[in-house]
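Report on the structure given below.
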2 protein chains.
Amino acid sequence: MFSLAEENYLKAIYHLEHENQGEVSTNAIAERMDTKPSSVTDMVQKLAEKDLLSYKKYKGTLLTPSGRKIAANVIRKHRLWEVFLVEKLNFHWDEVHVIAEQLEHIQSDELIARLDKFLGSPDFDPHGDPIPDKHGNVKRTEKKLLSECEKNQRGVCVGVKESSGEFLQYLDKRKISIGTKIKVLGKEFFDGSMIIQVGSDQFFISQKIAENLYVQTN
Amino acid sequence: MFSLAEENYLKAIYHLEHENQGEVSTNAIAERMDTKPSSVTDMVQKLAEKDLLSYKKYKGTLLTPSGRKIAANVIRKHRLWEVFLVEKLNFHWDEVHVIAEQLEHIQSDELIARLDKFLGSPDFDPHGDPIPDKHGNVKRTEKKLLSECEKNQRGVCVGVKESSGEFLQYLDKRKISIGTKIKVLGKEFFDGSMIIQVGSDQFFISQKIAENLYVQTN
DNA sequence: AAATATTTTTACCCTTGTCTAAAAATTAAG
DNA sequence: CTTAATTTTTAGACAAGGGTAAAAATATTT
Ligand SMILES: [Mn+2]
Ligand SMILES: [Mn+2]
Ligand SMILES: [Mn+2]
Ligand SMILES: [Mn+2]
């Protein structure tokens, strides 16, 4: 139905809308997609023709309901495949994203319906991100960044903001994964660094780490 | 590494080489790929540049060892995914081919290695076709067409030649699948039709059916 | 309010893979 | 051994998607 390139644009715009709360600029899309602004303009005009997004010259774009639905479905497929790769093929969570970038474009509603069932209809992917349902609706949970927590607060790791291999590998080394309980033992206001407890280990983390870990506090 | 189009050409040529035992003509490729001979000429010249096949103007093509290896790997992926779809997602054997046509182009050796293991390293796909190993080698079994069998011979269904939805659905209706035991009760020389026994059922089949069913006789 | 800087668009070119129409080579008939 | 039919290749064109360089619009300073 839609080309690989079109799906990737819609997905990128979907994510940017949620990150920046509002219109998405041409340059932001170009940067996210690692392409040139002129290419983005072309594609955005094409997608506007197809009523997948609204576009006014020089003003940026917003997905239409149908554009948003398609984007959410690509994301649904991406995250379901990530679950498959980790749960069934025993991939490590830092290895699955690039493969899912390919698998997310396989077109077959029946395949996704069966894959979902096979995986037990998971609500979250291996990185803690919610999996949209087949209508494109997402359960948004109230989570916050570890960096927003105060001293002595406890939380459960529910996701990562950044998901580069380096970061995920760091988390592994520290034995932090989805579901891990974390307690803030100390917080330095000058640089935002923290001392935290994970299981029986206590260690120092920089603000950069704390700003990329989502936790759910109780 | 190679584009979707390139992989599809190599795969088609691989199959045609095996069917026609020898050089593959431009028109044969065009027909198989549902494209025009002029397009084939272009692509074949490009693939020859890359040493994936040997090509002499007006003479047809033959895969080189590296071209054959790539083709076999695409076929390996296709058939492994077919096994996955049938064994794990409970698809019916007549539904999996079109989906596998997409999945066969996913690029990740690690993915295929793990998928293979997850499936128990199967030797055959749901249609009875052999799955090439990771080096591109295929176990060719001695099978023959049911139409070549004589009266009173017994055999086990090991594959299908044609694999259209219509044919596979016909086989289902007759309760014939891979592993089914078949006995030839009678054979009409005039039109090649047969009466066969499958389980406790006995029925008539046309030559067209008998020519598209592979059996292994003992 | 100008002048500058930044962002976005336009105009034009490139590559991949496809098609149509015409030319060339090969094969089949007479 | 010519002529006719068939197959294959070449010569353009085109659509998708992406890139460069320059023009136009918008945003930011002075
Ligand atoms: Mn991902
Ligand atoms: Mn993810
Ligand atoms: Mn198949
Ligand atoms: Mn098959």
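Reminder, nothing fancy here: chain letters follow the sequence lines and each chain counts from 1.
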Per the under-4.0 Å heavy-atom filter, residues of residues 14-32 of chain A near DNA chain D come out as none
Expected list for residues 3-13 of chain A near DNA chain C, using heavy atoms below 4.0 Å, is none
Contact check, residues 47-54 of chain B vs DNA chain C, heavy-atom distance under 4.0 Å, returns none
Across all chains, not counting sequence neighbours, the side chain to side chain donor-acceptor pair (under 3.5 Å) partners of A:H78 are A:E82, A:H97, A:E104
Nearest heavy-atom approach of A:T64 to A:S54 is CG2-N, 4.0 Å
Residues at least two apart in sequence or cross-chain that pass side chain to side chain donor-acceptor pair (under 3.5 Å) with A:E211, listed by chain then number, are none
Looking just at side-chain N and O atoms, do A:Q169 and A:D94 make a donor-acceptor pair shorter than 3.5 Å?
yes
Quick note, salt bridge (charged side-chain N to carboxylate O under 4.0 Å, His left out) partners involving residues 31-45 of chain A, not counting sequence neighbours, are A:E19-A:R32
Output a table of nitrogen or oxygen pairs between the protein and nucleotides 22-27 of chain D separated by less than 3.5 Å.
unit_1	atom_1	unit_2	atom_2	d
D:dA25	O4'	A:Y58	OH	3.3

- Hey, does the Lys NZ or Arg CZ of A:K88 hover above the aromatic six-ring of A:F118, less than 6.0 Å from the centre and inside 45° of the axis? yes
Quick test: give all pairs of protein nitrogen or oxygen and nucleotides 19-21 of chain D nitrogen or oxygen below 3.5 Å, distance rounded to 0.1 Å.
unit_1	atom_1	unit_2	atom_2	d
D:dG19	OP2	A:T35	OG1	2.7
D:dG19	OP2	A:K36	N	3.2
D:dG19	OP2	A:S39	OG	2.9
D:dT20	O4	A:S38	OG	3.0

The complete set of salt bridge (charged side-chain N to carboxylate O under 4.0 Å, His left out) pairs with one or both residues in residues 134-147 of chain A, sequence neighbours excluded, reads A:D123-A:K139
Rounded to the nearest 0.5 Å, the CG atom of B:L4 sits from the CD atom of B:Q102 at a distance of 9.5 Å
Exercise. Take A:Y9 and A:F2 through the ring-ring contact (aromatic ring centres under 6.0 Å, His included) test and state the conclusion after the steps.
Key: CA-CA 11 Å; A:Y9 272 95; A:F2 296 98; over 10 Å; no
Rounded to whole Å, the CE-P distance (A:M43 to C:dT9) equals 15 Å
Checking A:E162 against A:S164: is there a side-chain donor and acceptor pair closer than 3.5 Å? yes
Any Lys/Arg nitrogen of A:E110 or A:R114 sitting under 4.0 Å from an Asp/Glu carboxylate oxygen of the other? yes
Dot-bracket assigned to DNA chain C with the 3.5 Å Watson-Crick/G-U criterion, [ ] for crossing and | for other-strand pairs, is ||||||||||||||||||||||||||||||
Sequence neighbours excluded, the answer for side chain to side chain donor-acceptor pair (under 3.5 Å) partners of B:S206 is none
Applied to residues 13-37 of chain A, the ring pair (Phe, Tyr, Trp, His ring centres under 6.0 Å) test, sequence neighbours excluded, yields A:Y14-A:H18
Whole-Å distance, A:Q45 CD to C:dT8 P, equals 13 Å
Notebook entry, point to check: Taking the six-membered ring of A:F124, is NZ or CZ of A:R79 closer than 6.0 Å to its centre and within 45° of its axis?
Noted result: no
request  = List the steps and the verdict of side-chain contact (heavy atoms from CB on, under 4.5 Å) for A:F91 and B:L111.
outcome  = CA-CA 9 Å; A:F91 272 99; B:L111 171 62; 4.2 Å; yes
**Asked** Do A:S25 and A:N27 have side-chain N/O donor and acceptor atoms under 3.5 Å apart?
**Response** no
request  = Tell me, yes or no, whether the heavy-atom count around B:D109 atom CG, taken from other residues, nucleotides or ligands under 6.0 Å, exceeds 12.
outcome  = no
